[in-house]
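Take a look at the structure below.
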Amino acid sequence: MNDNDKNYADFISTVSHELRTPLTSIRGFAQTMLASWDKIDDDNKKKFLKIIEDQSNRLINLVENMLSVTKLQSGKEILVFKETNLSPIINTAVSIVKNQYKNREFKIDINPKTPSILVDRDRFMQVMTNLIENAAKYSDENSTVTISAGYSQNCECVSVKVTDTGIGIAEEDYERIFTKFSRIDNPLTRKVQGSGLGLYITKNLVENMNGQITVNSSGKTTTFEVLFPVYNSETLAREKCRQ
Ligand SMILES: Nc1ncnc2c1ncn2[C@@H]1O[C@H](COP(=O)(O)OP(=O)(O)OP(=O)(O)O)[C@@H](O)[C@H]1O
Ligand SMILES: [Mg+2]
């Protein structure tokens with residue numbers, strides 16, 4: 001087997017495993033309900049249907065992520081760069097995640113003087129949703145996720161930070177979390193579902209939009225920072241962020 005075949009075989013085996021777990025669970029709960037409908041009380045019926053719904057969402061998320069990965073790898077992703085104001089997109093991303101994580105607090109702190117940036121709006125939204133979702137997912141109920149943004153003198157670009165006070169990330173894992181299908185294996189991440197594709201996609205999208213992404217975690221506080229070039233009407237420069 002050459003390297004390409006091996007990568008392909010590894011990919012198929014990972015994907016099949018990721019698909020089989022939720023499908024087995026959906027089939028199992030559906031079979032139980034069909035076989036024992038009269039013996040199951042309404043509360044349990046609801047519980048089983050909720051599991052079926054959650055696992056279906058997990059499958060949809062996985063398939064959508066895999067489509068994003070395929071597009072990124074084939075180089076067929078077409079980006080439409082436009083002058084973009086951060087606030088409306090960050091507000092929308094927060095309301096999407098809030099709907100799913102109702103008992104987290106979300107604090108948005110965008111400096112009103114923040115200049116607009118040059119990005120593809122849909123992809124920027126995907127980046128923000130992934131980061132805010134992770135921050136909520138890997139932290140406790142009633143904790144606060146903070147999204148702050150402003151102009152950074154250091155890199156002469158716009159900085160957006162997503163901070164949580166959740167389970168934290170060890171420094172030796174900083175690089176690995178941005179690679180395909182990588183999840184940090186501990187009892188806390190095992191409790192929540194994920195395909196390990198979110199940050200791989202996020203990093204690729206950020207870099208395709210000439211930005212940068214970094215992570216920093218100390219104690220319980222974890223911050224993901226993304227930097228994007230400022231929109232410049234004269235040059236429409238798509239220069240990379242310095243730093
Ligand atoms: N804010 C965070 N705090 C702690 N750990 C995190 C955080 N964000 C990501 N991680 C770790 O990095 C891993 C990779 O994240 P990534 O978003 O790529 O995948 P995922 O959340 O597991 O699945 P999905 O593909 O559904 O996003 C996670 O499984 C988790 O272990
Ligand atoms: Mg994720």
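Order of appearance sets the numbers: ligands from 1, and atoms from 1 within every ligand.
Protein heavy atom nearest atom 5 (N) of ligand 1, with residue, atom name and distance: Ile169 CG1, 3.4 Å. Looking only at protein heavy atoms, the nearest one to atom 17 (O) of ligand 1 is Asn134 ND2, 2.8 Å. For atom 22 (O) of ligand 1, the nearest non-hydrogen atom of the protein is Arg183 NE, 2.5 Å. Among all protein heavy atoms, the one lying closest to atom 25 (O) of ligand 1 is Ser195 OG, 2.6 Å.
In terms of modelled atom types and a separation under 3.5 Å, the side chain of Thr21 and the main chain of His17 share a donor-acceptor contact.
In this structure, Lys50 pairs ionically with Asp54, as a charged nitrogen and a carboxylate oxygen lie closer than 4.0 Å. Electrostatic pairing of Arg176 and Asp173 counts as a salt bridge here, judged by a charged N lying under 4.0 Å from a carboxylate O.
If you number the atoms of ligand 1 from 1 as listed, the ones under 4.0 Å from a heavy atom of Lys137 come out as 20 (P), 21 (O), 23 (O), 26 (O). If you number the atoms of ligand 1 from 1 as listed, the ones under 4.0 Å from a heavy atom of Ile167 come out as 4 (C). When each atom of ligand 1 is checked for a heavy atom of Ser182 under 4.0 Å away, the hits are 13 (C), 14 (C). For ligand 1, the atoms closer than 4.0 angstrom to any heavy atom of Asn65 are 25 (O). Remark: ligand 1 atoms within the under-4.0 Å shell around heavy atoms of Asn61 are 26 (O). Within the listing of ligand 1, atoms 4 (C) sit less than 4.0 angstrom from a heavy atom of Gly168. Residue contact check: Leu199 has heavy atoms under 4.0 Å from atoms 9 (C), 15 (O), 16 (P), 17 (O), 18 (O) of ligand 1. Interface of Asp164 with ligand 1, defined as ligand atoms under 4.0 Å from a residue heavy atom, comprises 1 (N), 2 (C).
Within the 2.8 Å limit, Asn134 places at least one N, O or S atom next to the Mg ion (ligand 2).
Contact of the Glu171 side chain with the Tyr174 side chain is registered, since non-hydrogen atoms from C-beta on lie closer than 4.5 Å.
The environment of Gln73 atom CD is dense: over 12 non-hydrogen atoms of other residues, nucleotides or ligands sit within 6.0 angstrom. Residue Ile78 qualifies as open at atom CD1: its count of foreign heavy atoms under 6.0 Å is 12 or below.
Linking Ile, Leu, Val, Met, Phe, Trp and Tyr whenever their side-chain heavy atoms come within less than 4.5 Å puts Ile96 and Val162 in one cluster.
Around atom 7 (C) of ligand 1, the closest heavy atom drawn from Tyr200, Tyr138, Phe181 belongs to Tyr138.
Heavy atoms of Gly166 come nearer than 4.0 angstrom to ligand 1 in no pair at all.
Between the CE atom in Met128 and the CG atom in Leu86 there is a gap of 8.0 Å [rounded to 0.5 Å].
Of all heavy-atom pairs spanning Gly198 and Thr202, the tightest one is O-OG1, 2.6 Å.
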